[in-house]
Amino acid sequence: MHTVRDSQMTEQSPLFDTYARAPIAFDHGEGSWLVDTRGERYLDFGGGIAVSALGHAHPHLVETLREQAGKLWHTSNLYQVPGQNKLAKRLVEASFADRVFFTNSGAEAMECAIKTARRYHFANGHPERFRIITFEGAFHGRTLATIAAGGQPKYLEGFGPKVEGFDQVPFDDLDALKAAITDETAAIVIEPVQGEGGIRPVPIRFLRELRALCDEKGLMLVFDEIQSGMGRTGKLFAHEWAGVEPDIMAIAKAIGGGFPMGACLATDEAAKGMVPGVHGTTYGGNPLAMAVGNAVLDVMLEDGFLEAVRDKALRFKQGLASIVDRYPDVLAEIRGEGLMLGLKCVVPNTTLVKELYANHMLTVPAGDNVVRLLPPLTATDEEIAIALERIEKAAENLSGGDRA
Ligand SMILES: *Cc1c(COP(=O)(O)O)cnc(C)c1O
C-alpha cells in the first residue's frame with residue numbers, strides 16, 4: 001500500500017536477525033493511536049503485545065515517570081525501595097497473594113515462579129520434587145528454562161539440551177495430566193488464557209479440576225498471567241472468572257504500561273523457600289518501574305475501570321461475531337475474554353494482519369491461525385467502532401477468493 005521512505009529500515013542492520021519486523025517505525029503515540037515517522041496514524045489494537053493497556057502517553061503515567069526521573073533512577077536491592085513495598089502491598093490486597101518479587105520481564109517472572117515452586121518442595125524436605133507439568137500450546141518466555149516450559153520445538157531447536165524437569169501434556173486433558181504426575185512432580189504451570197497459543201481460554205471446569213488435583217497431590221498451582229492479567233479480560237486477573245486461586249503467579253506486560261517490568265506473586269506458604277540470598281536481580285523493582293507500576297494501578301483500581309472494560313469488550317465481541325457470521329470464508333470464530341480476543345481465521349492469519357495493517361490498524365498474529373486483538377483497555381467506543389469498520393473492510397477485501 002505504501003513504500004518505505006526511510007532507507008535505514010531496509011539497509012543491512014547491525015541488529016541480530018531474530019525478528020521479522022514490519023517495515024515501519026513509530027514516532028509517537030496518543031491513546032489508542034500510533035503515529036509513524038511519516039505522520040500516518042495507526043489504530044493500535046496490538047498494544048505492543050498486550051503491554052500498552054492504558055494506551056500510549058497516558059498523562060498520569062507520563063507525569064509519574066517524569067517526576068520519578070528527576071528524583072531517583074536506581075539504587076539496587078541492597079537498600080529499601082519504598083515503591084516496591086507500596087506496589088507489592090496493593091497487588092497483595094487485590095489478589096490471592098501474600099508476597100511479591102519484582103522482575104524486569106515476563107520470562108524472569110516465570111523463572112522466579114518456577115524457582116519458587118521448586119524451593120517450596122526443597123524447603124519441605126522433598127528436593128526430588130522438581131518436575132513441572134505444562135500444556136501444549138503454552139508460551140512462558142524465551143530463557144532456557146522458559147523455552148523448556150513452553151515446550152515448542154521451534155523455540156528449543158539449536159539451543160542445546162532442553163532444561164531438565166519439564167513435562168508437557170495436551171491442553172484440557174485431565175486423564176493425560178493425571179498420568180503425568182509422579183512423585184517428582186512439583187507444580188502445574190498454566191496460562192488461564194493461552195496468548196501466543198492462539199487466545200485459548202482454559203475451560204473454567206478444568207481450572208477447578210487443576211486446583212483440586214494440586215490440593216490432593218500437594219502440588220503448586222502456578223498461573224502465567226503475563227498476558228491475561230492486569231485487567232485484560234475485564235477482571236484484574238483472568239483466573240478470577242473461574243474463582244480459582246493459584247499458589248504462585250507470574251505477571252508482566254501491562255503492569256508497566258510499556259515500562260519494562262514483571263512480578264512473581266505467591267502465598268506465604270508457597271514462598272517459604274525463598275529465603276535471603278537464594279534469588280535476586282539488579283534492576284528488578286527499580287524506582288522508575290515501581291513509580292510507573294503504581295501509576296498503572298492508580299488507574300486500573302479506580303471504581304468502574306474494569307466494569308467499563310467488560311462493557312466495551314461485550315460490544316466489541318458482538319460486532320466481531322457479526323463480521324465472522326458474514327465472512328465465513330475469511331473468519332471461522334471469535335474467542336477470548338474481555339479485551340483479549342482472537343479471530344480464528346480461514347485465510348492465513350498473517351494475510352489478515354497485513355490487510356488490517358494496510359487499513360492502518362495494528363494486530364498481532366498468534367498460534368492456531370489466530371489474529372489477536374489486544375486493544376488498550378482505555379479504547380473508546382468510537383475507536384472500537386473504527387476497529388470494527390476496518391476489520392469488516394479487511395474481511396470484505398479478502399472474501400470471495402479474489403485476492404492472492
Ligand atoms: C509475553 C509472555 C511471556 C514472556 O514475557 P517477556 O516479557 O517477553 O519475557 C511469558 N508468558 C506469557 C503468557 C506471555 O504472554
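Remember, it's a predicted structure, so these values are computed and weren't measured experimentally. Both counts, for ligands and for their atoms, begin at 1 and track the order of listing.
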Practice item. Looking only at non-hydrogen atoms, find the nearest pair between Arg119 and Gly273 and report the distance. Key: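 Distance-wise, the nearest heavy atoms are NE-O, 3.0 Å.
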Exercise for review: Over all heavy atoms of both residues, which pair between Gly137 and Arg200 is shortest? Give the atoms and the distance, please.
Suggested key: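 Of all heavy-atom pairs spanning Gly137 and Arg200, the closest is CA-NH2, 4.0 Å.
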Review point. Above 12 or not: heavy atoms from other molecules or residues under 6.0 Å from CG of Asp183?
Key: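 Open: at most 12 neighbouring heavy atoms sit under 6.0 Å from CG of Asp183.
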Point to revise | Salt-bridge contact Glu30-Arg41 (side-chain N to carboxylate O under 4.0 Å) | key: yes
Check your understanding: Salt bridge or not for Arg326 and Glu392, using N-O below 4.0 Å?
Key -> yes
Review point. Checking salt bridge (charged side-chain N to carboxylate O under 4.0 Å, His left out) for the pair Glu307/Arg310: CA distance, chi angles, key distance, verdict?
Key: CA-CA 5 Å; Glu307 203 183 349; Arg310 294 193 287 271; 5.4 Å; no
For ligand 1, is there an N or O atom under 3.5 Å from any N or O atom of [X]?
| X | value |
| --- | --- |
| Ala107 | yes |
| Glu108 | no |
| Gly106 | yes |
| Glu196 | no |

Check your understanding: Looking at atom 15 (O) of ligand 1, is any protein heavy atom nearer than 4.0 Å to it?
Key ->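 Under 4.0 Å from atom 15 (O) of ligand 1, at least one protein heavy atom found.
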Those atoms of ligand 1 less than 4.0 Å from some heavy atom in [X]:
| X | answer |
| --- | --- |
| Gly141 | 4 (C), 10 (C) |
| Lys253 | 1 (C), 2 (C), 3 (C), 14 (C), 15 (O) |
| Glu191 | 13 (C) |

Exercise for review: Check each heavy atom of His140 against ligand 1 and say whether those closer than 4.0 Å belong to the side chain, the backbone, both or neither.
Suggested key: backbone
Revision key, fill the gap. Note: heavy atom closest to atom 13 (C) of ligand 1, options Asp224, Asn104, Ile251, belongs to Asp224
Exercise for review: Classify the angle between the aromatic ring planes of Phe237 and His239 as parallel (below 30°), tilted (30 to 60°) or perpendicular (above 60°).
Suggested key: parallel
**Study point:** Residue from Phe171, Phe206, Phe166, Phe223 passing ring pair (Phe, Tyr, Trp, His ring centres under 6.0 Å) with Phe135
**Key:**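 Checked Phe171, Phe206, Phe166, Phe223 against Phe135; only one passes ring pair (Phe, Tyr, Trp, His ring centres under 6.0 Å): Phe206.
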Check your understanding: Among the heavy atoms of Met110, does any lie under 4.0 Å from an atom of ligand 1?
Key ->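 Contact check Met110 vs ligand 1: negative.
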